[in-house]
Amino acid sequence: MSEDQAGEPLSGEVYRLLKERLDRGEIRAGSFLDLSALSRELGMSKMPLRDAVMRLEAEGFVSVYPRRGVMVRELSLRDVRELYEVIGALESQAALLARGRLGRAECGRMAALDTAMRAALKDDDFDAYYRANLAFHNAYIDLADNRELSAALKIRKERLYDFPRRSGYVREWELSSVKEHRKIVELFKAEDFDGAAAYIREVHWSFAVQERFIQAYYLAARDES
């Protein structure tokens with residue numbers, strides 16, 4: 001590895017590599033990273049590895065323990081609850097910031113994505129569902145035109161869903177979710193941005209409302225490990 005054409009530091013390349021391995025499940029939650037082995041494998045000093053680990057720690061993906069090493073964090077239900085509260089607040093704010101920017105065309109695109117999610121669930125194609133789901137939410141997050149908000153949401157959703165990506169899903173949860181998406185579109189169509197923001201925060205991203213599904217999803221994920 002070396003500095004790329006865009007001038008990205010080596011630690012950035014290492015950061016991306018570690019996240020890819022986390023995503024693929026090659027580095028499992030609860031396991032410790034062997035920085036010495038990684039240094040030998042990648043043919044580099046430990047400094048860029050340490051820089052990448054510090055970034056992963058700041059984002060909540062790993063924990064660093066003195067004299068023990070670097071452990072990949074496993075999400076607890078408290079972690080999930082706190083992430084839901086933060087994501088709900090941020091997406092709610094995104095909905096408010098999209099006022100004046102989100103119109104009929106965007107609502108039509110969101111409705112089409114919701115239809116695509118329903119089709120994906122009928123075909124039992126969770127990867128297609130997942131992509132359409134992210135695109136649905138990004139339709140109004142992008143229109144908020146706030147880079148800090150978008151970046152904060154991206155990291156927190158990666159922690160919830162992608163590291164590692166789970167092989168299964170709770171079908172009843174996703175069917176419930178697409179109904180909620182339809183309601184969000186209806187509120188945006190009616191130009192009720194306050195109502196959309198409240199629904200996103202108090203229903204769609206409410207830990208209390210979604211807890212039975214969350215319990216089923218994350219407990220099943222632990223059984224996979």
Side-chain angles (χ1 to χ4, degrees), residues 1-88 90-91 126-135 137-138 141-142 146-170 205 214 217-225:
M1 287 186 178
S2 60
E3 189 168 302
D4 66 17
Q5 292 179 351
E8 181 183 30
L10 193 56
S11 61
E13 293 186 38
V14 177
Y15 167 84
R16 287 207 317 273
L17 174 67
L18 291 176
K19 286 184 79 172
E20 287 170 5
R21 292 186 177 186
L22 285 164
D23 187 20
R24 294 194 296 264
E26 295 173 13
I27 305 173
R28 303 297 297 178
S31 66
F32 280 84
L33 298 179
D34 188 336
L35 296 187
S36 295
L38 280 168
S39 177
R40 291 191 299 271
E41 176 192 343
L42 300 175
M44 64 175 63
S45 70
K46 289 184 181 178
M47 184 59 69
L49 282 170
R50 291 195 183 102
D51 290 344
V53 163
M54 287 175 62
R55 184 174 171 187
L56 289 169
E57 181 185 30
E59 293 174 352
F61 294 105
V62 303
S63 296
V64 178
Y65 296 98
R67 296 180 297 280
R68 291 183 62 195
V70 180
M71 188 182 77
V72 179
R73 287 189 58 184
E74 184 171 21
L75 286 179
S76 66
L77 285 177
R78 176 173 178 165
D79 292 327
V80 176
R81 174 178 59 79
E82 292 175 353
L83 286 166
Y84 261 66
E85 289 168 355
V86 172
I87 292 171
L90 290 173
E91 283 213 7
F126 184 67
D127 285 341
Y129 172 89
Y130 180 77
R131 290 192 298 271
N133 183 45
L134 285 180
H137 287 270
N138 286 341
I141 293 169
D142 291 346
N146 185 311
R147 291 174 297 178
E148 291 292 333
L149 183 150
S150 296
L153 279 168
K154 180 177 182 294
I155 292 298
R156 283 156 182 82
K157 288 183 179 181
E158 285 176 348
R159 286 188 63 201
L160 273 178
Y161 301 134
D162 284 352
F163 296 100
R165 178 79 62 82
R166 291 157 182 84
S167 58
Y169 66 100
V170 179
W205 283 107
I214 291 167
Y217 181 70
Y218 286 95
L219 289 178
R222 288 178 188 174
D223 291 341
E224 286 180 13
S225 302

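A quick note: this is a predicted structure, and the numbers were derived from the prediction, not measured.
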Would you say Leu18 and Phe61 make side-chain contact, with heavy atoms under 4.5 Å? no

Closest heavy-atom contact between Val72 and Arg28? CB-O, 3.5 Å

On a heavy-atom basis, which atom in Pro48 and which in Ser11 lie closest, and how many Å separate them? O-CB, 3.6 Å

Side chain to side chain, Leu83 and Val86, heavy atoms closer than 4.5 Å: no

Please round to the nearest 0.5 Å and tell me the distance separating atom CG of Leu90 and atom NZ of Lys154. 15.0 Å

From the list Val70, Val53, Leu49, Val14, side-chain contact (heavy atoms from CB on, under 4.5 Å) partner of Leu38 resolves to Leu49

Nearest heavy atoms of Ile155 and Lys19, plus distance in Å: CD1-NZ, 4.1 Å

Are the side chain of Asn138 and the backbone of Ala135 linked by a donor-acceptor contact shorter than 3.5 Å? no

Is any NZ, NE, NH1 or NH2 atom of the basic residue among Glu20 and Arg16 found under 4.0 Å from an Asp or Glu carboxylate oxygen of the other? no

Close side-chain approach of Leu153 and His137, heavy atoms under 4.5 Å: no

What pairs with Tyr129 under ring-ring contact (aromatic ring centres under 6.0 Å, His included), at least two apart in sequence or on another chain? Phe126

Does a side-chain heavy-atom distance below 4.5 Å link Leu77 with Arg81? no

Please tell me if the side chains of Leu160 and Tyr218 come closer than 4.5 Å, counting only heavy atoms from C-beta onward. yes

Salt-bridge present (Arg156, Glu91; N to O < 4.0 Å): no

What pair of heavy atoms forms the shortest contact from Ser39 to Ser45, and how long is it? OG-C, 3.8 Å

Nearest heavy atoms of Trp205 and Gly88, plus distance in Å: CB-CA, 3.5 Å

Test log, rule side chain to side chain contact (heavy atoms under 4.5 Å, CB included), inputs Ser36 and Lys46: CA-CA 7 Å; Ser36 295; Lys46 289 184 181 178; 2.8 Å; yes

If the plane angle is over 60° it's perpendicular, under 30° parallel, otherwise tilted; pick one for Phe32 and Tyr65. tilted

CD on Glu41 to CG on Asp34, rounded to 0.5 Å: 10.0 Å

Which distance, rounded to the nearest 0.5 Å, do you find between the CE of Met71 and the OG of Ser63? 5.5 Å

